[in-house]
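First the structure, in the form of C-alpha coordinates, and then the observations on it.
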Amino acid sequence: MRLAIEGIGVTGGFGVGVDALRSALQAGTLSYQNLTVEHHDGAKDNFLACRATTEGLDRFLPKRELRRIDHFSKMSLYAAHLALEDAGLLDADLSRTGVVVATGYGPLKTTFNFLDSYLDFGYSCSSPTHFSNSVHNAAAAHVSMQLKLTAPNLTVTQFEMSVASALLSARQWLEEGRVDRVLFGAVDEYCEVLRYCRRYFFGGSEQGPMRPLALEAQTAMVGEGAAFMILTRDDGSAAYAAIDSMVLGNHSVAPVELPPATLIVAGADGHRECGRWYAETVNNRPVVACSPYYGSFPAAAGFDLVAAALMLRDKQLYAGPQDAGSGLSPSVDSVLLSGARLASLKFGPGGDYGLICLSR
Amino acid sequence: MSVKNKLKQVLIEDLNLEDLTPDMIEDDMALFGDGLGLDSLDAVELVVVVQKHFGVEIKDMDEGRPALQSISTLAKFIEEKQAQ
(Lines give C-alpha, C1' and ligand atoms only; values in the text may rest on other atoms or scores of the structure.)
Protein backbone atom coordinates (compact mmCIF):
# COMPACT_ATOMS: atom_id res chain seq x y z
CA MET A 1 0.00 0.00 0.00
CA ARG A 2 1.30 3.48 -0.89
CA LEU A 3 1.17 6.32 1.61
CA ALA A 4 0.37 9.88 0.65
CA ILE A 5 2.19 12.80 2.25
CA GLU A 6 -0.54 15.42 2.62
CA GLY A 7 1.10 17.96 4.89
CA ILE A 8 4.50 18.83 6.31
CA GLY A 9 5.60 20.75 9.41
CA VAL A 10 9.22 21.28 10.34
CA THR A 11 11.43 23.22 12.70
CA GLY A 12 15.19 22.98 12.43
CA GLY A 13 18.37 24.94 11.97
CA PHE A 14 17.02 26.41 8.70
CA GLY A 15 14.03 27.97 10.46
CA VAL A 16 10.37 27.12 10.94
CA GLY A 17 7.98 25.70 8.37
CA VAL A 18 8.18 23.90 5.09
CA ASP A 19 8.73 27.15 3.17
CA ALA A 20 11.80 27.94 5.26
CA LEU A 21 13.26 24.53 4.43
CA ARG A 22 12.42 24.92 0.76
CA SER A 23 14.05 28.37 0.70
CA ALA A 24 17.20 27.00 2.30
CA LEU A 25 17.32 24.08 -0.15
CA GLN A 26 16.79 26.38 -3.11
CA ALA A 27 19.30 29.00 -2.05
CA GLY A 28 21.84 26.63 -0.53
CA THR A 29 21.67 28.61 2.70
CA LEU A 30 23.18 27.03 5.79
CA SER A 31 22.32 28.31 9.26
CA TYR A 32 24.59 27.32 12.11
CA GLN A 33 24.91 28.82 15.55
CA ASN A 34 28.12 29.31 17.48
CA LEU A 35 27.78 27.37 20.72
CA THR A 36 30.10 27.22 23.71
CA VAL A 37 30.13 24.56 26.39
CA GLU A 38 32.08 25.48 29.50
CA HIS A 39 33.65 22.56 31.31
CA HIS A 40 34.09 22.26 35.07
CA ASP A 41 37.80 23.12 34.73
CA GLY A 42 36.90 26.38 32.99
CA ALA A 43 37.93 25.22 29.53
CA LYS A 44 35.63 26.42 26.78
CA ASP A 45 34.53 24.20 23.91
CA ASN A 46 33.42 26.22 20.88
CA PHE A 47 31.64 24.61 17.95
CA LEU A 48 28.85 25.09 15.42
CA ALA A 49 25.41 23.50 15.61
CA CYS A 50 22.01 23.55 13.92
CA ARG A 51 19.54 24.50 16.65
CA ALA A 52 15.77 24.56 16.22
CA THR A 53 13.49 27.23 17.62
CA THR A 54 10.02 26.91 19.10
CA GLU A 55 9.40 30.66 18.96
CA GLY A 56 5.93 31.06 17.53
CA LEU A 57 4.43 27.92 19.04
CA ASP A 58 2.16 30.17 21.09
CA ARG A 59 0.35 30.84 17.83
CA PHE A 60 -1.18 27.41 18.35
CA LEU A 61 -1.07 26.89 22.13
CA PRO A 62 -1.26 29.29 25.10
CA LYS A 63 2.06 29.80 26.88
CA ARG A 64 0.58 28.64 30.18
CA GLU A 65 -0.18 25.23 28.66
CA LEU A 66 3.40 24.95 27.50
CA ARG A 67 5.10 25.72 30.79
CA ARG A 68 5.57 22.08 31.82
CA ILE A 69 6.57 20.98 28.33
CA ASP A 70 10.26 20.77 27.47
CA HIS A 71 12.09 21.75 24.28
CA PHE A 72 11.94 18.23 22.82
CA SER A 73 8.17 18.07 23.11
CA LYS A 74 7.71 21.71 22.11
CA MET A 75 9.57 21.07 18.85
CA SER A 76 7.25 18.12 18.23
CA LEU A 77 4.13 20.08 19.07
CA TYR A 78 5.20 22.90 16.80
CA ALA A 79 5.97 20.64 13.84
CA ALA A 80 2.76 18.65 14.40
CA HIS A 81 0.61 21.79 14.36
CA LEU A 82 2.44 23.13 11.32
CA ALA A 83 1.86 19.84 9.46
CA LEU A 84 -1.84 19.94 10.28
CA GLU A 85 -2.02 23.56 9.21
CA ASP A 86 -0.17 22.79 5.99
CA ALA A 87 -2.72 20.05 5.23
CA GLY A 88 -5.65 22.31 6.16
CA LEU A 89 -6.59 20.01 9.02
CA LEU A 90 -6.23 22.20 12.11
CA ASP A 91 -9.98 22.32 12.60
CA ALA A 92 -10.76 18.91 11.13
CA ASP A 93 -12.13 15.86 12.93
CA LEU A 94 -8.97 14.12 14.12
CA SER A 95 -10.64 11.27 15.96
CA ARG A 96 -9.15 8.68 13.60
CA THR A 97 -5.71 10.27 13.41
CA GLY A 98 -2.94 8.21 15.00
CA VAL A 99 0.43 9.50 16.16
CA VAL A 100 3.73 7.80 15.39
CA VAL A 101 6.94 9.49 16.50
CA ALA A 102 10.49 8.38 15.69
CA THR A 103 13.40 9.50 17.85
CA GLY A 104 16.95 8.28 18.09
CA TYR A 105 17.81 9.75 21.48
CA GLY A 106 14.55 10.88 23.05
CA PRO A 107 14.39 13.96 25.29
CA LEU A 108 18.10 14.09 26.09
CA LYS A 109 18.27 17.38 27.95
CA THR A 110 15.40 16.56 30.26
CA THR A 111 16.72 13.06 30.84
CA PHE A 112 20.07 14.42 31.97
CA ASN A 113 18.41 17.19 33.99
CA PHE A 114 16.43 14.53 35.83
CA LEU A 115 19.54 12.44 36.42
CA ASP A 116 21.38 15.54 37.66
CA SER A 117 18.60 16.36 40.10
CA TYR A 118 18.75 12.79 41.37
CA LEU A 119 22.54 12.83 41.72
CA ASP A 120 22.66 16.32 43.27
CA PHE A 121 19.69 16.22 45.61
CA GLY A 122 18.68 12.58 45.97
CA TYR A 123 15.55 10.63 45.18
CA SER A 124 13.17 12.77 47.21
CA CYS A 125 14.17 15.96 45.36
CA SER A 126 14.11 14.59 41.82
CA SER A 127 11.69 16.65 39.80
CA PRO A 128 8.51 14.72 38.90
CA THR A 129 8.00 17.03 35.93
CA HIS A 130 11.47 16.26 34.62
CA PHE A 131 10.78 12.57 35.06
CA SER A 132 7.49 12.62 33.19
CA ASN A 133 9.07 14.58 30.34
CA SER A 134 12.16 12.38 30.23
CA VAL A 135 10.42 9.27 28.90
CA HIS A 136 10.83 8.73 25.18
CA ASN A 137 7.12 8.86 24.38
CA ALA A 138 6.60 12.21 26.13
CA ALA A 139 6.52 14.16 22.85
CA ALA A 140 3.96 11.86 21.22
CA ALA A 141 1.87 12.00 24.39
CA HIS A 142 1.93 15.81 24.46
CA VAL A 143 0.92 15.89 20.78
CA SER A 144 -2.03 13.58 21.42
CA MET A 145 -3.11 15.43 24.55
CA GLN A 146 -2.87 18.94 23.15
CA LEU A 147 -4.63 17.98 19.91
CA LYS A 148 -7.09 15.74 21.79
CA LEU A 149 -6.25 12.75 19.61
CA THR A 150 -7.65 9.49 20.91
CA ALA A 151 -6.43 7.12 18.20
CA PRO A 152 -3.31 4.93 18.73
CA ASN A 153 -0.06 6.57 19.75
CA LEU A 154 3.41 5.10 19.38
CA THR A 155 7.04 6.14 19.76
CA VAL A 156 9.76 4.13 18.03
CA THR A 157 13.42 4.35 18.99
CA GLN A 158 16.06 2.56 16.97
CA PHE A 159 18.82 5.16 16.57
CA GLU A 160 19.41 5.82 12.85
CA MET A 161 16.69 3.35 11.85
CA SER A 162 14.01 5.01 13.98
CA VAL A 163 12.30 6.80 11.10
CA ALA A 164 12.15 3.85 8.69
CA SER A 165 11.08 1.52 11.48
CA ALA A 166 8.36 3.89 12.70
CA LEU A 167 7.12 4.32 9.15
CA LEU A 168 6.47 0.56 8.97
CA SER A 169 4.08 0.90 11.92
CA ALA A 170 2.35 3.91 10.37
CA ARG A 171 1.77 1.97 7.16
CA GLN A 172 0.52 -1.04 9.12
CA TRP A 173 -2.04 1.07 10.99
CA LEU A 174 -3.30 2.60 7.75
CA GLU A 175 -3.35 -0.75 5.98
CA GLU A 176 -5.37 -2.36 8.77
CA GLY A 177 -7.79 0.56 8.85
CA ARG A 178 -7.02 1.21 12.49
CA VAL A 179 -6.66 4.88 11.58
CA ASP A 180 -7.45 7.03 8.55
CA ARG A 181 -4.54 9.34 9.00
CA VAL A 182 -1.19 9.28 10.78
CA LEU A 183 0.57 12.30 12.23
CA PHE A 184 4.07 10.99 11.67
CA GLY A 185 7.02 12.74 13.28
CA ALA A 186 10.76 12.53 13.64
CA VAL A 187 12.47 14.44 16.44
CA ASP A 188 15.79 14.66 18.25
CA GLU A 189 17.33 17.36 20.38
CA TYR A 190 20.77 18.73 21.16
CA CYS A 191 22.14 18.99 24.68
CA GLU A 192 25.55 19.66 26.20
CA VAL A 193 26.06 16.04 27.22
CA LEU A 194 25.55 15.06 23.59
CA ARG A 195 28.26 17.51 22.61
CA TYR A 196 30.58 15.95 25.18
CA CYS A 197 29.85 12.45 23.81
CA ARG A 198 30.30 13.50 20.18
CA ARG A 199 33.64 15.09 20.98
CA TYR A 200 34.69 11.99 22.91
CA PHE A 201 33.60 9.46 20.29
CA PHE A 202 34.09 11.35 17.02
CA GLY A 203 36.90 13.67 18.00
CA GLY A 204 35.93 16.30 15.43
CA SER A 205 35.82 19.95 16.28
CA GLU A 206 32.50 20.37 14.40
CA GLN A 207 33.58 23.69 12.92
CA GLY A 208 32.32 22.94 9.43
CA PRO A 209 31.87 22.70 6.63
CA MET A 210 29.75 19.58 6.75
CA ARG A 211 30.56 17.46 3.69
CA PRO A 212 28.22 14.46 3.81
CA LEU A 213 29.38 13.01 0.52
CA ALA A 214 33.05 13.14 1.44
CA LEU A 215 32.43 9.68 2.80
CA GLU A 216 35.84 9.00 4.23
CA ALA A 217 35.97 12.20 6.26
CA GLN A 218 34.43 12.91 9.66
CA THR A 219 32.64 16.22 9.01
CA ALA A 220 29.40 15.76 10.98
CA MET A 221 27.95 18.76 12.78
CA VAL A 222 25.34 18.31 15.44
CA GLY A 223 21.76 19.32 14.74
CA GLU A 224 18.29 19.01 16.15
CA GLY A 225 14.72 19.49 15.04
CA ALA A 226 11.31 18.01 14.43
CA ALA A 227 9.77 17.01 11.10
CA PHE A 228 6.12 15.95 11.03
CA MET A 229 4.05 14.70 8.12
CA ILE A 230 0.40 13.92 7.57
CA LEU A 231 0.20 10.44 6.07
CA THR A 232 -2.89 8.85 4.54
CA ARG A 233 -3.67 5.94 2.24
CA ASP A 234 -2.70 7.17 -1.22
CA ASP A 235 -5.49 7.70 -3.72
CA GLY A 236 -3.21 9.13 -6.38
CA SER A 237 -3.55 12.78 -5.40
CA ALA A 238 -0.94 13.26 -2.69
CA ALA A 239 -0.19 16.89 -1.94
CA TYR A 240 3.56 16.28 -1.86
CA ALA A 241 4.50 12.73 -2.83
CA ALA A 242 3.65 9.12 -2.26
CA ILE A 243 5.74 6.68 -0.28
CA ASP A 244 5.85 3.56 -2.42
CA SER A 245 7.79 1.22 -0.18
CA MET A 246 10.08 0.95 2.78
CA VAL A 247 12.65 -1.71 3.50
CA LEU A 248 14.86 -2.23 6.52
CA GLY A 249 17.78 -4.60 6.80
CA ASN A 250 21.47 -4.97 7.41
CA HIS A 251 23.69 -4.55 4.39
CA SER A 252 26.32 -7.00 5.59
CA VAL A 253 23.70 -9.73 6.03
CA ALA A 254 21.27 -8.97 3.19
CA PRO A 255 22.73 -6.33 0.84
CA VAL A 256 20.43 -3.43 0.08
CA GLU A 257 18.94 -3.51 -3.42
CA LEU A 258 18.59 -0.02 -4.78
CA PRO A 259 15.77 0.34 -7.28
CA PRO A 260 16.84 1.17 -10.84
CA ALA A 261 16.50 4.68 -12.29
CA THR A 262 16.04 6.19 -8.87
CA LEU A 263 17.75 9.25 -7.45
CA ILE A 264 19.14 8.64 -4.00
CA VAL A 265 18.69 11.14 -1.18
CA ALA A 266 21.41 9.82 1.06
CA GLY A 267 21.14 10.17 4.82
CA ALA A 268 24.89 10.59 4.91
CA ASP A 269 25.66 13.19 7.56
CA GLY A 270 29.40 13.36 7.81
CA HIS A 271 29.99 10.31 9.98
CA ARG A 272 32.93 8.37 8.61
CA GLU A 273 31.76 5.13 10.21
CA CYS A 274 28.48 5.24 8.29
CA GLY A 275 30.09 6.67 5.15
CA ARG A 276 31.62 3.39 4.07
CA TRP A 277 28.19 1.83 3.64
CA TYR A 278 27.12 4.61 1.28
CA ALA A 279 30.40 4.24 -0.59
CA GLU A 280 29.67 0.56 -1.11
CA THR A 281 26.13 1.05 -2.31
CA VAL A 282 25.50 4.38 -4.00
CA ASN A 283 28.73 4.84 -5.91
CA ASN A 284 28.09 5.91 -9.51
CA ARG A 285 24.41 6.49 -8.74
CA PRO A 286 22.83 9.92 -8.86
CA VAL A 287 22.87 10.98 -5.22
CA VAL A 288 22.37 14.09 -3.10
CA ALA A 289 22.59 14.65 0.63
CA CYS A 290 20.73 17.42 2.43
CA SER A 291 22.01 16.93 5.99
CA PRO A 292 24.04 20.20 6.04
CA TYR A 293 20.71 22.08 6.12
CA TYR A 294 19.63 20.52 9.42
CA GLY A 295 22.72 18.87 10.89
CA SER A 296 23.54 15.40 12.13
CA PHE A 297 21.14 13.50 14.41
CA PRO A 298 19.38 10.13 14.11
CA ALA A 299 15.90 11.49 13.36
CA ALA A 300 17.30 13.65 10.55
CA ALA A 301 16.15 10.77 8.33
CA GLY A 302 12.72 12.36 8.71
CA PHE A 303 14.09 15.58 7.22
CA ASP A 304 15.62 13.57 4.36
CA LEU A 305 12.14 12.22 3.69
CA VAL A 306 10.68 15.73 3.76
CA ALA A 307 13.41 17.00 1.42
CA ALA A 308 12.68 14.15 -1.02
CA ALA A 309 8.95 14.89 -0.90
CA LEU A 310 9.63 18.59 -1.57
CA MET A 311 11.84 17.73 -4.53
CA LEU A 312 9.10 15.56 -6.03
CA ARG A 313 6.42 18.16 -5.47
CA ASP A 314 8.57 20.97 -6.87
CA LYS A 315 9.97 18.74 -9.66
CA GLN A 316 13.33 20.11 -8.71
CA LEU A 317 16.40 18.33 -7.41
CA TYR A 318 17.85 20.27 -4.49
CA ALA A 319 21.47 19.26 -4.36
CA GLY A 320 23.28 19.60 -1.07
CA PRO A 321 25.68 22.54 -0.82
CA GLN A 322 28.72 20.26 -0.61
CA ASP A 323 27.73 17.79 -3.33
CA ALA A 324 29.68 19.52 -6.05
CA GLY A 325 33.12 18.11 -6.48
CA SER A 326 32.58 15.21 -4.11
CA GLY A 327 33.43 12.84 -6.92
CA LEU A 328 30.68 10.51 -5.82
CA SER A 329 27.70 11.74 -7.72
CA PRO A 330 27.61 11.85 -11.50
CA SER A 331 26.11 15.04 -12.88
CA VAL A 332 22.40 15.11 -12.21
CA ASP A 333 19.86 17.14 -14.12
CA SER A 334 18.30 19.49 -11.59
CA VAL A 335 14.86 19.24 -13.18
CA LEU A 336 12.93 16.16 -12.13
CA LEU A 337 10.80 14.75 -14.91
CA SER A 338 7.30 13.55 -14.18
CA GLY A 339 7.48 9.93 -13.13
CA ALA A 340 10.76 10.53 -11.33
CA ARG A 341 11.47 8.35 -8.35
CA LEU A 342 13.51 9.20 -5.29
CA ALA A 343 14.72 6.97 -2.50
CA SER A 344 15.75 8.11 0.95
CA LEU A 345 18.56 5.84 2.11
CA LYS A 346 19.86 5.89 5.68
CA PHE A 347 22.68 3.75 7.04
CA GLY A 348 23.64 3.16 10.64
CA PRO A 349 27.25 2.52 11.66
CA GLY A 350 26.80 -1.28 11.72
CA GLY A 351 25.35 -1.52 8.22
CA ASP A 352 21.71 -1.31 9.24
CA TYR A 353 19.76 0.46 6.54
CA GLY A 354 16.37 1.96 5.89
CA LEU A 355 15.34 2.51 2.28
CA ILE A 356 12.19 4.55 1.63
CA CYS A 357 11.10 4.92 -1.99
CA LEU A 358 8.96 7.85 -3.09
CA SER A 359 7.31 9.01 -6.28
CA ARG A 360 4.85 11.68 -7.28
CA MET B 1 16.27 37.89 50.68
CA SER B 2 13.13 37.09 52.68
CA VAL B 3 11.64 33.62 52.52
CA LYS B 4 8.55 35.03 50.78
CA ASN B 5 10.57 36.73 48.04
CA LYS B 6 12.77 33.70 47.53
CA LEU B 7 9.66 31.52 47.34
CA LYS B 8 8.17 33.72 44.64
CA GLN B 9 11.39 33.61 42.67
CA VAL B 10 11.85 29.83 42.81
CA LEU B 11 8.18 29.30 42.06
CA ILE B 12 8.51 31.27 38.85
CA GLU B 13 11.77 29.57 37.89
CA ASP B 14 11.03 25.97 38.87
CA LEU B 15 7.39 25.92 37.80
CA ASN B 16 8.16 27.87 34.60
CA LEU B 17 5.64 30.61 35.29
CA GLU B 18 7.22 32.72 32.59
CA ASP B 19 4.24 35.05 32.31
CA LEU B 20 4.64 36.20 35.93
CA THR B 21 7.10 38.33 37.87
CA PRO B 22 7.57 38.15 41.67
CA ASP B 23 5.74 41.48 42.05
CA MET B 24 2.64 39.97 40.48
CA ILE B 25 2.36 37.26 43.13
CA GLU B 26 0.56 38.59 46.19
CA ASP B 27 1.47 37.12 49.56
CA ASP B 28 -2.06 35.93 50.31
CA MET B 29 -3.03 34.92 46.78
CA ALA B 30 -4.26 31.31 46.62
CA LEU B 31 -1.58 29.13 45.04
CA PHE B 32 -4.12 26.75 43.50
CA GLY B 33 -7.37 27.23 41.63
CA ASP B 34 -8.45 30.79 40.90
CA GLY B 35 -5.40 32.44 42.42
CA LEU B 36 -2.06 31.58 40.91
CA GLY B 37 -3.67 28.78 38.92
CA LEU B 38 -1.40 25.95 40.02
CA ASP B 39 -2.67 22.36 39.87
CA SER B 40 -2.07 19.01 41.53
CA LEU B 41 1.07 18.30 39.49
CA ASP B 42 2.48 21.61 40.67
CA ALA B 43 1.74 20.56 44.24
CA VAL B 44 4.05 17.58 43.87
CA GLU B 45 6.70 19.80 42.28
CA LEU B 46 6.27 22.36 45.08
CA VAL B 47 7.06 19.73 47.70
CA VAL B 48 10.33 19.05 45.86
CA VAL B 49 11.06 22.78 45.42
CA VAL B 50 10.59 23.47 49.14
CA GLN B 51 12.88 20.61 50.12
CA LYS B 52 15.52 21.48 47.53
CA HIS B 53 15.70 25.22 48.14
CA PHE B 54 14.81 25.49 51.83
CA GLY B 55 15.79 22.09 53.21
CA VAL B 56 12.30 21.60 54.60
CA GLU B 57 10.35 18.41 54.08
CA ILE B 58 6.58 18.35 53.69
CA LYS B 59 5.86 14.88 54.97
CA ASP B 60 2.19 14.33 54.24
CA MET B 61 -1.09 15.91 53.18
CA ASP B 62 -2.01 16.85 56.76
CA GLU B 63 1.09 18.98 56.88
CA GLY B 64 1.03 20.06 53.26
CA ARG B 65 -2.57 21.14 52.83
CA PRO B 66 -2.48 24.10 55.25
CA ALA B 67 1.07 25.02 54.23
CA LEU B 68 0.38 25.12 50.51
CA GLN B 69 -2.46 27.66 50.63
CA SER B 70 -0.48 30.81 49.80
CA ILE B 71 2.99 32.33 49.82
CA SER B 72 2.33 33.56 53.36
CA THR B 73 1.29 30.18 54.74
CA LEU B 74 4.15 28.40 52.99
CA ALA B 75 6.73 30.93 54.16
CA LYS B 76 5.41 30.64 57.73
CA PHE B 77 5.62 26.83 57.51
CA ILE B 78 9.21 26.99 56.21
CA GLU B 79 10.31 29.48 58.87
CA GLU B 80 8.78 27.39 61.65
CA LYS B 81 10.45 24.21 60.40
CA GLN B 82 13.79 25.94 59.95
CA ALA B 83 13.59 27.25 63.50
CA GLN B 84 13.10 23.77 64.97
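Here is how names work: the chains are called A, B, and so on, in the same order as the sequence lines, proteins then strands, and each is numbered from 1.
The neighbour count for A:Lys109 NZ, taken as heavy atoms of other residues, nucleotides or ligands under 6.0 Å away, does not exceed 12. Within 6.0 Å of CD on A:Glu55 lie no more than 12 heavy atoms contributed by other residues, nucleotides or ligands. The neighbour count for B:Lys76 NZ, taken as heavy atoms of other residues, nucleotides or ligands under 6.0 Å away, does not exceed 12. Other residues, nucleotides and ligands contribute at most 12 non-hydrogen atoms within 6.0 Å of the OH atom of A:Tyr118. Summarising the local packing, CZ of A:Phe131 is surrounded by 12 or fewer heavy atoms from other residues, nucleotides or ligands at distances under 6.0 Å.
Atom CG of B:Leu15 is separated from atom OG1 of A:Thr129 by 7.5 Å, given to the nearest 0.5 angstrom.
Using a 4.5 Å heavy-atom cutoff, the side chains of A:Arg64 and B:Leu20 are in contact.
A:Arg67 places no side-chain N or O within 3.5 Å of a backbone atom of B:Glu18 that could act as its donor or acceptor partner.
For residues 46-75 of chain B, a heavy-atom distance under 4.5 Å to chain A picks out B:Val48, B:Gln51, B:Lys52, given by residue number. Residue-level contacts of residues 32-45 of chain B with chain A, in order of numbering, are B:Leu36, B:Gly37, B:Leu38, B:Asp39, B:Leu41, B:Asp42, B:Val44, B:Glu45; threshold 4.5 Å between heavy atoms.
With a 4.5 angstrom heavy-atom cutoff, A:Ser126 touches chain B only via backbone atoms.
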